[in-house]
Protein chains: 4
Amino acid sequence: MAPSSAETSPKRERRKEARPGELVKAALDLFVEKGFAATRVDEVAARAGVSKGTLFLYFESKEDLFKAVIRDNIANLFPAWNEEFKTFGGSSAEMLHYAMDLWWLNVGNTPASGIVKLVISEAQNFPEIAAFYQKEVVEPGTGLLQSILQRGVERGEFQHMDTSKSVFSIIAPMIFLMMWKHSMGACAASANIIDPKEFIHMHVDLLLNGMSAKKTQ
Amino acid sequence: MAPSSAETSPKRERRKEARPGELVKAALDLFVEKGFAATRVDEVAARAGVSKGTLFLYFESKEDLFKAVIRDNIANLFPAWNEEFKTFGGSSAEMLHYAMDLWWLNVGNTPASGIVKLVISEAQNFPEIAAFYQKEVVEPGTGLLQSILQRGVERGEFQHMDTSKSVFSIIAPMIFLMMWKHSMGACAASANIIDPKEFIHMHVDLLLNGMSAKKTQ
Amino acid sequence: MAPSSAETSPKRERRKEARPGELVKAALDLFVEKGFAATRVDEVAARAGVSKGTLFLYFESKEDLFKAVIRDNIANLFPAWNEEFKTFGGSSAEMLHYAMDLWWLNVGNTPASGIVKLVISEAQNFPEIAAFYQKEVVEPGTGLLQSILQRGVERGEFQHMDTSKSVFSIIAPMIFLMMWKHSMGACAASANIIDPKEFIHMHVDLLLNGMSAKKTQ
Amino acid sequence: MAPSSAETSPKRERRKEARPGELVKAALDLFVEKGFAATRVDEVAARAGVSKGTLFLYFESKEDLFKAVIRDNIANLFPAWNEEFKTFGGSSAEMLHYAMDLWWLNVGNTPASGIVKLVISEAQNFPEIAAFYQKEVVEPGTGLLQSILQRGVERGEFQHMDTSKSVFSIIAPMIFLMMWKHSMGACAASANIIDPKEFIHMHVDLLLNGMSAKKTQ
DNA sequence: TATGAATGAGTCTTCATTCAT
DNA sequence: TATGAATGAAGACTCATTCAT
């Protein structure tokens, strides 16, 4: 007769612990989609299935939520990655290709890719976040790639180069890819111009081999 | 008795004609610096030296002003450039270097470089502008570069390639450069990591020659 | 099987009964300190060591709590006092001094002194409370003092006077004292200007003897 | 046929200079009547005949408006008064009566009398204002009265006394009068208990002559 | 009875836009 | 044409109150 308590009240039963995550997820989507300023806190709350007031139970302010979005989505990917590459067996060219694939899988092809656009768009208004991103993402990321290039140079696979600079020739198109995807990419005309995976491979090939005609070949 | 119209203050006349331009200039600076949403029309008017009301004499709305900023700063550079390159005498590698230098001089190192950040940041909220930008800038720009690559391939200077794709390997770092400059670049830690001119040359060299060790050389 | 009610934790029992009192006490302190509007019910609950929800178990609303604060702290002092003064043996001047001392001891120098400030501050918003205070405090208070003055007049100790009015010359500075203490008194500059006990005596003396120079003395 | 331009548009013609005053006036009334917290800025604006936004054109915040209310209504009465009393010819008793009458006329019987209630009620939340009031009103006010008492003592009209303290015996009932008027006074039961002018005179008389029966008289 | 997560009406404040001058 | 005072809709945030547990 009495209803089984296991199936009742879907409304309030969600645990306090789940809320911040749900809100951050909703905020990420909305912020990426519409920008920080153009996103209403009501919308974020609504998309997370709670009321406006609830949002402020977990985040002191809209800015605070923004910071949480950035922080939470900048997972500690790098430690694991660094470890993985320490024991990599193949050639440095293969290593570079692999690193890029990994990145595409775990970041570029993920909602988190929208973060870059967010950070870039709002860096001036949130210097604190810019600095955080610089330290937590840019530096580890470039560091990892640089170590691959360095390995290639040391093993005679790559020419001598200033790795601290050529790193950006590799990274820049990845950033571009993400920015594109989350802005112009939505525009019909620009939609399918670029196929990311294909582009990444082509780009790495280009960088490795150059596009000049080979005289001796 | 009435003053001949030739008699009227030429300064004020010129002033009147110059108003929209001054406003657009002020708006560009502010929009780039703070983002569209975070810029108040009062600020724009103040920086242009007019009152808030005057701004609305020339632009129907803040959005309208935004569109004008984009439109006005996307000069018809391309027709002239296209013409210039039609008669270019040197090698295609030189041509590529030259094109990049030109770009850096006329766009990259110019306040207009901030436009890219603006367009990227607000593309979702202003699809109209994204489309406009796509048509007026992206397509002509990639077209121009593509024609250089094509020339190189045809003249046997470059390897065979899908120029419609490799074009992005050249462009992406330029976009990245501008975005960086107008966002993270302001952050102390990231300030002087990248020297643009130097980076551009190195990047083109890398693309031309690749970074793999040359076996026969 | 069920524990005899006598068995249940006497502490929790007493606790339960004590709750409203603890809440009222906490509310008094906070209301006096910060004003009614500026006090959050969370704070009251926290200071009373219970949760916000519990507060609403005992009081229908914040206003209801406010009324309880006033009511509970306007103890039935007067019946006891009236009795005490009926059998007072000394002179009416002594009686006046004694009444004032008693008041200082039981009200003026007590947290309850803050109530006056509360009532005065919120009287317009809570007419009901103003009326209650008028009937329960003002009238008995003035009545008691008036009876002392009357006694003095009847016994030839005091001059003839309209006691219903001169009563306020005695009371007003007491009210002032409490208001001062709970508002300006917190301000550093005004902190120690007035010593209450000393002032009370001086004031009563002044009222009894006047400050004019005595011709015949 | 055309309406005379002199009679048109009653809406927007009010001068900028008049606005702050009108707003402060409206705010004084409302703050006194309902308290600072219980007053909505919309109400203030409405009573001043402008929109909510206009209020914030002249005052940075509700708090700022509050401070303006206090400041603007604490006229520099004292310099003028001090001057007036320097040349006073009569007895010190007369002087005291005169001072009190003057006060009643210019402050006590004026909307500004509500300020005392405001300051007292909000002193804890606005320590800055408490200090300001202490310095600009309390000190000059007590100073002026003290000088009258001093004059009386020096001329042998008053007994020797600690004027710094007896001053409060004079002032306190005035404060009380104003507080009463603006709080309990609104309550029907307490309405007409006290007639201010009558009370003031009686009080000064009492203080001058005391209420004890004069033996030799 | 006690909790504290959730609510949403209510408040201050901002700012694009209007309009009388 | 130019001004800038005025507007009011909209947004972030607060907090008394509710209610499932």
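All of these numbers come straight from a predicted model, not from anything done at the bench. Quick note on labels: first sequence line is chain A, next is B, and so on, each numbered from 1. Side chains included, hydrogens not; waters and symmetry mates left out as well; all remaining heavy atoms used.
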Spacing of Leu23(C) atom CG relative to dT3(E) atom P, expressed in whole Å
10 Å
Report the distance from atom CZ of Phe59(B) to atom C1' of dT18(E), rounded to the nearest whole Å.
18 Å
Roughly how many Å is it from CZ in Phe31(A) to C1' in dA12(F), rounded to a whole number?
12 Å
Taking dT1(E), dA5(F), dT7(E) as options, the one with an atom nearest any side-chain atom of Tyr58(D) is dA5(F)
Give the rounded distance in Å between these two atoms: CD of Glu22(B) and P of dA2(F).
10 Å
What is the distance from CD of Glu43(C) to P of dA16(F), rounded to the nearest Å?
9 Å
Separation of dT17(F) atom C1' from Asp64(C) atom CG, nearest Å, is 13 Å
With Leu65(A), the side-chain contact (heavy atoms from CB on, under 4.5 Å) member among Val41(A), Leu55(A), Leu28(A), Ile70(A):
Leu55(A)
Answer whether the closest heavy-atom distance between the side chains of Val119(A) and Phe126(A) falls below 4.5 Å.
no
Ignoring backbone atoms, test whether Ser51(B) places a side-chain nitrogen or oxygen under 4.0 Å from the OP1 or OP2 oxygen of dA2(F).
no
Report the stems of DNA chain E as range-with-range entries sorted by first number; a stem here is at least three consecutive pairs, Watson-Crick or G-U wobble, both distances under 3.5 Å, and write none if there are none.
E:2-21 with F:2-21
Figure out the CG/C1' separation between Leu57(B) and dA20(E), and round it to whole Å.
14 Å
Is any side-chain nitrogen or oxygen of Thr54(D) closer than 4.0 Å to OP1 or OP2 of dA5(F)?
no
Taking protein heavy atoms under 4.0 Å as touching, what does nucleotides 9-14 of chain E look like 5' to 3' if B marks base contact, S marks sugar-phosphate-only contact and - marks none?
-BSBBB
